[in-house]
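So the structure is just underneath, and the comments pick up after that.
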Protein chains: 2
Amino acid sequence: MKQTGDLNLVKKINKSIVLHHIRSDSPISRARIAEITGLTKATVSSLVNELIESSLAHEIGAGESSGGRKPMMLLFNGTAGYAIGVDLGVHDILAVLTDLTGKVVEEYRVQHDNASVEQVVGLLKASIRELIRRAPDSVYGIIGIGIGVPGICDENGNLLFAPNLGWENVPLQQQVEEEFDIPVVIDNEANAGAVGEKQFGAGKDTANLVYVSIGIGIGAGIIIKGELYRGATGFSGEIGHISIQHDGPKCRCGSLGCWELYASEHALLEKARIELGESADLESLLRMADAGEPAVSRLFERLSYYLGVGVVNIINGYNPDFIILGGRLARAEKWLMQPLQTVLEKRSLPHPREQLNVEFSSLGDRSTVLGASSFAIAKFFASTRVSVEHN
Amino acid sequence: MKQTGDLNLVKKINKSIVLHHIRSDSPISRARIAEITGLTKATVSSLVNELIESSLAHEIGAGESSGGRKPMMLLFNGTAGYAIGVDLGVHDILAVLTDLTGKVVEEYRVQHDNASVEQVVGLLKASIRELIRRAPDSVYGIIGIGIGVPGICDENGNLLFAPNLGWENVPLQQQVEEEFDIPVVIDNEANAGAVGEKQFGAGKDTANLVYVSIGIGIGAGIIIKGELYRGATGFSGEIGHISIQHDGPKCRCGSLGCWELYASEHALLEKARIELGESADLESLLRMADAGEPAVSRLFERLSYYLGVGVVNIINGYNPDFIILGGRLARAEKWLMQPLQTVLEKRSLPHPREQLNVEFSSLGDRSTVLGASSFAIAKFFASTRVSVEHN
DNA sequence: CTAAGTTTGTTTAATGAATTTACAAACTTT
DNA sequence: AAAGTTTGTAAATTCATTAAACAAACTTAG
């Protein structure tokens, strides 16, 4: 049912607002918070003191006077607890331990051969266990685990379908929650990546962005007005299966001419195998391009073109003001960026484009883990203390 | 700045919840509202009495007892005020006067030849003036005007670009507001249509739907979790310009192979001209198809195919659970539905499709006006309703 | 037909979070 | 040193919700 209003809600809202400012505008004084929120100084004072009480904020001493008594500056206490973010990849697992600000303090990587679900989930749990072991002591301990997966999930944290892993219907959240008895959030790796970029990457100051993850397949995470947008059933952005050629080759999804048949890493390697007469991986293709092999540069150029076609569709369909390209293929930025820009300039509607920015991810392969950890932190603040939204 | 919490907000929230139930579950008793909202009987009683005070609800007598005192049933007072909804078309204007429940009480239609912006806006104002003249007396009078336009608008109600009208940068909201001194909302006709369908049409029980308006161009209105979704810049869903053939014919938008080049009314008529050797309008094509002309049926069949290709893109990209096809081409439902369904079954991902429904609009050409009027009503309740005390 | 139980809706007192007003402490400026 | 500013806390007030009590209106069991 819908949330009704009462004093509890009022306090929750205001505490959330106060904490938000301490988190994002720190160091900041009580008086300044009162000024920008419109709350009275008394209210802010009381809420801040409760936050200090619960170790989420602390005073760090007096600041500069502006003509009167010196303000007592407040800081968010990022080390009151720690979160774990995991990127469950098709061939490897990347897990990080972050503090409550999202800063990475420990990292753990492991390859897997994807032999069986049990084995991979076992490795996943082992990674988490290792990071828990390494976590510093803190007031709240490990407050949550976020996992980004290469597939679609439902709202209960079941991994419904992960084609590139070959998994179906794995109750991942339940399994991990039972193991560690810590709140777990599962979401698509592109959604996590979008949040990661929004929070820590190029999209920091943007309320509307699309993160396109170009790996073996293509996925997208869409953030509108600061919030992750999921489709009707909780998983959206199967954007790799938007057709860019209605009579193109058949895709395993049933449709024809899907974008991901043209612009994914898989598509690139396939084309390379055909045109170069031998199979190569992305790393060697990059080396060959660097060495000045024209056939390979042409491959990347062709890929950029198709990438651009799909990105134009995103622009026209979703109308973001920032597009961030990530995933494994982001390493080829050098070869992709310029031709991509050309396609966009030629093909996108003038109105949406005006204020549009396109960039490759600056977080390397960490977009997803950072976003996943961010999910865990958000859940902690939503359930325990206060709800966190806005911008 | 963000809204902080105080007692005012609490009351506003709860009053809004109570009114919502009176609007949608009426006739309903105070006790029942308390039961389903979780508010106490005392609170509900107090809020209901204020709503009655301000003429938005009234008592209609006792209902059936369920083993105790008979409940006093409440009704929403739909005639406390009236709203005007307008569909500004490329060749005509349709305007309606509705009560606060959205029920149409007066209608006004007029053709226009789109000679100049001034002339058409003049006709628009005349239509509104006529409906205001015809409006019954009421407590609040005309509470707002909503206008659906065939183009993209910004949040200030400026019509930025309407290609099929040939208009650019018309401050429509301002012009109409100045004329009548009544709050005005401007939005895209497809957005309005989506809201109309959600409120009064096939999409009543659906939280996630896409309304595709297939007219001279193609537009879409997207509703996610009951709310209209607009892109970053306040106008989204230029879905007609998603490319379904990356190397297709050039579109005026700059891209190639846009959907609307294949599946709009304009595309159909163009194809008809070429294949039949003479130009015809939609109405005559429908007559010819009814008369059994195989060349014409083939035209519709071909159109359905392209329609399907784009709809599959919508399904994969937005993941709605209801798609409603409206606009002028909805009249061809008979010829389009079956082949369209075939394409969808063949081409869409299994997961999204499972719970998907596709239907043609049942509101005829009224989806947009009803949605537009609904915008006006929503604006009234969002701004005025709660602060109607102590006038 | 009466007594007991139920349901509805109002009244009254209590709760608690924010606001308003006042004020002390700590600065800067003149 | 006096005057003015700024910060943060304290006390009193406000007000919407809740909780508890209750009267009115109705049904049902015996």
Side-chain angles (χ1 to χ4, degrees), chain A residues 1-19 21-22 27-53 57-74 385-387, chain B residues 1-19 21-22 27-53 57-74 386-390:
Chain A
M1 188 50 238
K2 222 171 151 182
Q3 168 80 305
T4 59
D6 59 3
L7 289 183
N8 225 327
L9 177 73
V10 169
K11 187 160 189 180
K12 190 168 155 174
I13 289 172
N14 291 339
K15 205 166 183 178
S16 164
I17 292 173
V18 169
L19 181 59
H21 287 289
I22 296 179
I28 190 169
S29 68
R30 292 170 173 83
R32 176 88 185 113
I33 293 174
E35 191 185 343
I36 51 187
T37 58
L39 294 168
T40 61
K41 290 186 292 176
T43 303
V44 171
S45 221
S46 148
L47 293 174
V48 162
N49 291 339
E50 286 186 31
L51 288 170
I52 291 175
E53 190 84 6
H58 52 180
E59 303 181 327
I60 50 160
E64 286 291 285
S65 162
S66 62
R69 170 173 160 184
K70 283 183 180 170
M72 178 57 73
M73 303 313 274
L74 302 164
R385 301 278 108 214
V386 268
S387 63
Chain B
M1 184 52 232
K2 233 198 125 176
Q3 167 80 301
T4 59
D6 60 2
L7 288 182
N8 225 324
L9 176 72
V10 169
K11 187 162 187 177
K12 189 166 153 173
I13 289 172
N14 291 338
K15 204 167 183 177
S16 165
I17 291 173
V18 169
L19 181 59
H21 283 102
I22 295 179
I28 191 170
S29 69
R30 292 169 173 84
R32 176 85 186 118
I33 294 175
E35 190 185 343
I36 52 186
T37 58
L39 295 167
T40 61
K41 290 186 292 175
T43 303
V44 171
S45 223
S46 146
L47 294 174
V48 162
N49 291 339
E50 287 185 29
L51 289 171
I52 291 175
E53 190 86 6
H58 52 180
E59 302 181 328
I60 50 159
E64 286 290 287
S65 161
S66 62
R69 173 172 158 183
K70 283 183 181 170
M72 178 56 73
M73 304 312 277
L74 302 164
V386 203
S387 48
V388 279
E389 274 74 23
H390 61 88

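Keep in mind it's a predicted model, so treat the numbers as computed, not measured. Values below: all heavy atoms of this structure, side chains included; hydrogens, waters and symmetry mates excluded.
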Exercise. Out of B:Arg30, B:His58, B:Arg32, which one pairs with B:Leu74 under the side-chain contact (heavy atoms from CB on, under 4.5 Å) rule?
Worked result: B:Arg30
For this session: Indicate the atoms forming the closest heavy-atom contact of A:Ser65 with A:Gly68, along with that distance.
Result: OG-O, 2.6 Å
Problem set entry | Atom-to-atom span, CD of A:Glu35 to C1' of D:dT5 - whole angstrom | 13 Å
All N/O contacts under 3.5 Å from nucleotides 15-18 of chain C to the protein, with atom names and distances to one decimal?
{"unit_1": "C:dA18", "atom_1": "OP1", "unit_2": "A:Asn14", "atom_2": "ND2", "d": "2.8"}

What pairs of nitrogen or oxygen atoms, one from the protein and one from nucleotides 21-30 of chain D, lie under 3.5 Å apart?
{"unit_1": "D:dA25", "atom_1": "N3", "unit_2": "B:Arg69", "atom_2": "N", "d": "3.3"}

Exercise. Whole-Å distance between D:dG8 P and A:Ile52 CD1?
Worked result: 10 Å
Problem set entry | Separation of B:Ile33 CD1 from B:Lys41 NZ (nearest 0.5 Å) | 13.5 Å
Problem set entry | Whole-Å gap separating C1' (C:dG9) and CZ (B:Arg32) | 16 Å
For this session: Would you name the heavy atoms of A:Thr4 and B:Ile13 that are closest together and state the gap between them?
Result: C-CG2, 4.3 Å
Seminar exercise, completed: Here the distance between atom C1' of D:dT7 and atom CG of A:Leu74, to the nearest Å, is 12 Å
For this session: Taking atom CD of B:Glu53 as the centre, report whether more than 12 heavy atoms of other residues, nucleotides or ligands fall under 6.0 Å from it.
Result: no
Problem set entry | Pair A:Val10-B:Leu9, side-chain contact (heavy atoms from CB on, under 4.5 Å): steps then yes or no | CA-CA 8 Å; A:Val10 169; B:Leu9 176 72; 5.6 Å; no
Exercise. Got a donor-acceptor contact below 3.5 angstrom from the A:Asn14 side chain to the B:Gly5 backbone?
Worked result: yes
For this session: To the nearest 0.5 angstrom, please state how far the CD atom of A:Glu50 sits from the CG atom of A:Leu19.
Result: 12.0 Å
Exercise. Counting any heavy atom closer than 4.0 Å, what does B:Ala42 reach on the DNA or RNA strands: base, sugar-phosphate only, or nothing?
Worked result: base
Problem set entry | Whole angstrom value for the distance that separates P of C:dG9 from CD1 of B:Ile28 | 11 Å
For this session: Find the distance A:Met73:CE to D:dT7:P and express it as a whole number of Å.
Result: 10 Å
